Amino acid sequence: MTADDTTPGYAPVFDDATAISGDAMIEIEGVDKFFDDFQALKNINLRIGTQEVVVVIGPSGSGKSTLIRCINRLEEHDAGRIVVDGTELSNDIRNIQEIRRETGMVFQSFNLFPHLSVLDNITLAPRKVRRMPKAKADALGADLLEMVKIPEQAGKYPGQLSGGQQQRVAIARALAMNPKVMLFDEPTSALDPEMIGEVLDTMKELAQSGMTMIVVTHEMGFAREVADRVVFMADGQIVEVGTPEHFFESPREDRTKLFLSQIL
Amino acid sequence: MSGTATRWLHYNLFRTKRDAVLTVVFGALSIWLLYKTLNFVFVTGRWTIIEVNLRLLMIGRYPDAHVLRIAVTVVVLAAWGGLLAGFLRGRQVRAGRLTPADSKLTVARVLDLVERLWIPLAVVLLLLLLSATAGPWITAGASLAAALLGRLIGPFFGRLRLGGLASAVSVIVFAAIPLGMYYYVVTAVGFDDWGGFMLNLFLAVCSIILCYPLGVLLALGRRSGLPLIRVVCTTYIELIRGAPLFVLLLLANVALGFFVPDTLAPATSTRAIVVFTLFTAAYMAEIIRGGLQSIPRGQIEAAKAVGLSPIRQTGYIVLPQALRNVIPAQIGQLISLFKDTTLAGIAMGLFDLLQVSGAITAQPEFRGQGLIAETLTFAALMFWVVSYTMSRESQRLEKRLGVGSR
C-alpha cells in the first residue's frame with residue numbers, strides 16, 4: 001500500500017488517497033476520462049478499503065458521478081486501472097458483468113423499472129442473473145423490503161410510491177444481488193426535503209452493517225456522521241482527502257475552503 | 001327539470017348569436033344526414049343482394065363438400081381461445097396476481113364481455129339472421145359452447161406445475177393447434193380458391209403474426225452497435241417504405257418468376273401475405289424504434305447496474321416498456337394492414353370481399369340496378385366492425401398495461 005505514495009495532480013493531497021488500512025476493495029490507479037475534448041477525470045488515484053465508507057463531495061461538474069460510474073462501467077475510462085475486489089475492469093463483457101454483479105448502484109433519479117411491481121423490481125436480477133428460484137427470490141425481496149421498512153408496498157408499482165419510498169426500493173434492488181460494494185450517485189438530490197431523512201437513515205444502517213460504500217452526495221451532515229473518509233473533488237481531480245474531522249474542521253487546500261464556505 | 005334543460009341548452013348551444021346560428025345550421029345538417037342514412041338503410045336500400053350472396057361475401061367460392069372444415073376450424077379456434085384465456089387466468093392466480101375468486105367465470109364477467117364486444121356480437125347476430133341455412137347458427141352455437149368450455153377448464157391447466165420438458169411439450173402442442181387447423185382447411189381447398197371476407201381476415205391475421213416479430217427485430221437491428229446489422233436493417237426499412245404497397249403487390253405477381261420456376265412458385269395468397277408482412281414490418285420497425293427511443297437512459301443504466309446481460313436488458317426492461325408506449329401507433333398500423341388486404345384483390349386477382357362486392361352486382365338477377373352502393377356499404381361495415389374492435393381492445397390493453405406507470 002506504500003507503493004503509490006506520490007500522488008500526481010495539480011494540488012498536493014493532504015492525506016494520501018491511496019493509503020488505507022486493511023484490504024483494498026476498490027483500487028483506482030491513474031484513471032483518465034474524456035468526453036470528446038473535455039477531460040472529466042484527471043489522473044485519479046484512490047483506494048477504498050473493505051467495509052470503508054467514502055463520501056465524495058465537490059462542486060457540480062467536478063467528476064464525482066463520472067468517477068463512480070466508471071467503477072461499474074456505466075462510463076468507460078480512457079486510461080489507468082480500476083480493480084474491484086481483485087477483478088480488473090477490461091473490455092471483456094463477462095468481466096464487466098462479474099463486476100456489476102459485485103457492485104450495487106443507487107441513482108439520483110431512482111431508475112426503478114416502472115412496468116414491474118416493487119417486488120419484481122427487486123427479484124428480477126437475482127432470478128435472471130443468479131438463477132434463484134422464484135420462491136427464494138420472493139422471500140429475499142420481502143426481507144429486503146422489511147429492511148428498508150416498506151414491506152407493505154411489495155405489490156405496488158413504483159409510480160404509486162413517494163420519492164423516498166422509491167429510493168429505498170432502489171437500495172433494496174441493489175442489495176438483492178448481495179453486492180460487496182454499494183455506489184450511491186447523489187441518492188437524495190431528487191427528493192423532497194422531508195424524504196431525505198428516511199433514505200439517509202437506510203444508508204446509515206447499511207454503513208453500520210459493514211457494507212463498503214462510495215457515496216456522492218451534498219449531504220454534509222451524512223458525510224460528517226457516517227464517512228470514514230471524505231474525498232473532495234474539483235475540475236476532475238481529487239483535491240483533498242481526509243477524515244470528516246480533519247476535512248470540516250481544518251481543511252488544508254484553498255479550493256476546499258472556498259467550497260466549504262459556499263455550502264456551509 | 002325543464003329549467004335545467006333550458007339552461008343547459010342556452011349555455012351550451014345558444015349563448016351568443018353566432019352560437020345560435022351554428023347550432024341551427026349544423027343541427028339541420030345532422031338531421032338531414034341522419035335522415036338520408038336511415039332512409040337508405042331501412043327504406044330505399046335493396047338488401048336482397050346481400051342476403052342472397054351472403055355466403056359468397058363471407059367465404060367466397062369455397063366448395064360445399066369442404067365447407068364443414070371451416071365450421072370445425074371456427075369451433076376449434078373458439079375452444080382454443082377460451083382455453084388460452086382460462087389458462088392465463090390460472091397462471092395469474094398461481095403467480096399471486098389474482099385471487100382464485102377473480103379468475104372464476106361468473107355471469108357478471110360474461111356480461112362484462114358482452115358489453116365490451118357488443119358491436120361485433122351485434123354484427124355477427126345480424127349476419128346469422130341474414131343467413132338462409134342452419135349451418136352458421138350451429139357453428140356459432142358450437143363455438144360459443146366450445147369457448148365457454150375452454151375458459152372453464154383453462155384455469156386448471158394454468159395452475160398445473162409442470163416440469164421443464166412437459167411444459168415445453170404442452171406449449172408446442174398448444175401452439176400447433178391453429179397450425180394444424182390451417183393445414184386441415186388449406187389441404188382441402190388451395191389458397192387461391194379462398195375468397196370473401198374470410199380471405200381478408202386470413203391474410204391480415206397471418207401478416208400481423210409474421211410482421212410483428214420481424215418489425216421488432218428490424219427496430220432493434222437499426223439501433224444495433226454492429227454497423228453491418230444497422231446498415232442492413234436501415235436499408236431494408238428505407239427501401240420498403242419508399243415503395244407503394246400496391247406496386248409491391250403487383251411486383252409480387254411477376255417478380256417471383258425471375259427467381260423460381262412457375263411450378264415452384266407459391267400461391268398468390270401466400271405471395272400477398274409475404275408482401276404484407278415485409279411491407280408492414282418496415283413500418284412497425286419505425287414505430288417500435290420510436291418506442292425504444294422513448295425509454296430513458298436511466299432504465300438501461302439501472303438494468304446494467306444490477307448485472308443483466310445486454311439481451312436481458314432489452315428483453316425484460318427496454319422492450320416491454322417500449323412496446324407499451326407505442327400501442328396506439330402499432331394498432332393503427334395493423335388496422336391499416338387489415339384494410340389494405342383489399343388491395344390484394346385488386347392487384348393480384350384474389351376474390352376477396354371487395355371483389356365479391358363488385359362481382360355480385362353483375363349477376364343476372366341484379367345486373368344494371370346500381371346495387372354497388374348496397375354491396376360496398378356492407379363491405380365497409382364488415383371492415384369497420386373489425387377495425388373498430390381492434391381499436392377499442394387496444395385502448396383497453398393500453399389502460400391495463402399502464403397500471404401504476406408514470
Side-chain angles (χ1 to χ4, degrees), chain A residues 65 68-69 71-75 93-94 96-130 134-135 138 153-161 166 170 173-179 182-183 185 190, chain B residues 90-99 102 158-164 167 224-226 288 291-292 294-327 330 397-406:
Chain A
S65 290
I68 66 167
R69 287 162 61 86
I71 295 174
N72 66 348
R73 213 17 111 79
L74 292 184
E75 305 288 354
I93 182 72
R94 270 167 305 184
I96 296 171
Q97 294 284 96
E98 195 185 318
I99 285 174
R100 284 178 182 161
R101 283 197 295 267
E102 302 298 330
T103 52
M105 189 167 210
V106 176
F107 299 87
Q108 179 177 354
S109 48
F110 326 140
N111 295 346
L112 292 177
F113 306 131
H115 62 302
L116 299 178
S117 72
V118 163
L119 188 64
D120 287 343
N121 261 280
I122 298 170
T123 58
L124 180 73
R127 286 174 60 192
K128 301 304 170 191
V129 181
R130 297 234 193 268
K134 184 171 162 29
D138 285 352
Q153 311 287 2
K156 288 198 185 160
Y157 285 84
Q160 297 166 305
L161 304 186
Q166 289 193 48
R173 176 178 69 180
L175 290 174
M177 287 295 281
N178 196 18
M182 284 285 282
L183 309 172
D185 189 1
Chain B
R91 272 285 138 132
Q92 285 180 317
V93 171
R94 205 185 101 177
R97 277 193 288 270
L98 281 177
T99 64
D102 282 336
R159 281 195 293 271
L160 276 185
R161 277 181 197 281
L162 296 171
S167 59
S224 162
L226 301 171
I288 293 166
L292 292 172
S294 73
I295 305 304
R297 253 184 60 173
Q299 288 290 307
I300 299 159
E301 289 182 353
K304 282 180 181 170
V306 293
L308 293 179
S309 65
I311 289 176
R312 291 198 174 111
Q313 291 161 25
T314 306
Y316 290 113
I317 306 304
V318 179
L319 258 189
Q321 297 185 61
L323 295 180
R324 187 188 69 190
N325 286 355
V326 290
I327 286 175
Q330 290 181 73
L397 183 72
E398 206 182 336
K399 249 186 229 143
R400 276 186 49 179
L401 293 181
V403 175
S405 67
R406 292 167 291 191

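Residue numbers begin at 1 in each chain, while the letters A, B, ... track the order of the sequences. Given the structure is predicted, the values throughout are model-derived calculations rather than measurements.
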Review point. Short question: side chain of A:His115, backbone of B:Leu401 - any donor-acceptor pair under 3.5 Å?
Key: no
Review point. What are the two closest non-hydrogen atoms of A:Arg100 and B:Gly307, and how far apart are they?
Key: CB-CA, 4.1 Å
Identify all side-chain donor-acceptor contacts of residues 117-127 of chain A below 3.5 Å with residues at least two apart in sequence or on another chain.
unit_1: A:Ser117; atom_1: OG; unit_2: A:Asp120; atom_2: N; d: 3.2
unit_1: A:Ser117; atom_1: OG; unit_2: A:Asp120; atom_2: OD2; d: 3.4
unit_1: A:Asn121; atom_1: OD1; unit_2: A:Phe113; atom_2: N; d: 2.7
unit_1: A:Asn121; atom_1: ND2; unit_2: A:Phe113; atom_2: O; d: 3.0
unit_1: A:Asn121; atom_1: ND2; unit_2: A:Leu116; atom_2: O; d: 3.0
unit_1: A:Asn121; atom_1: ND2; unit_2: A:Ser117; atom_2: O; d: 3.1
unit_1: A:Thr123; atom_1: OG1; unit_2: A:Leu119; atom_2: O; d: 3.1

Study note, to complete from the structure: Interface check, chain A: of B:Leu308, B:Val306, B:Ile317, most non-hydrogen pairs under 4.5 Å belong to B:Ile317
Revision key, fill the gap. Pair count under 4.5 Å, heavy atoms only, with chain B: among A:Leu161, A:Leu74, A:Val106, A:Ile96, highest is A:Leu74
**Study point:** Closest-packed option against chain B by number of heavy-atom pairs under 4.5 Å, given A:Lys134, A:Gln97, A:Arg130, A:Glu98
**Key:** A:Gln97
Point to revise | All pairs passing salt bridge (charged side-chain N to carboxylate O under 4.0 Å, His left out) where residues 102-116 of chain A contributes a residue, at least two apart | key: A:Glu102-A:Lys180
Check your understanding: Okay, side chain of A:Asn111, backbone of B:Gly298: is any donor-acceptor separation there less than 3.5 Å?
Key -> yes
Check your understanding: With a 4.5 angstrom heavy-atom cut-off, which part of A:Ser109 approaches chain B: side chain, backbone, both or neither?
Key -> neither
Point to revise | Distance in Å, A:Glu75 CD paired with B:Glu301 CD, rounded so as to fall on 0.5 Å steps | key: 7.0 Å
Exercise for review: Could you look at A:Arg69 and say if it's the side chain, the backbone, both or neither that has a heavy atom under 4.5 Å from chain B?
Suggested key: side chain
Review point. If you count heavy-atom pairs under 4.5 Å with chain B, which of A:Met105, A:Arg101, A:Arg173 comes out on top?
Key: A:Arg173
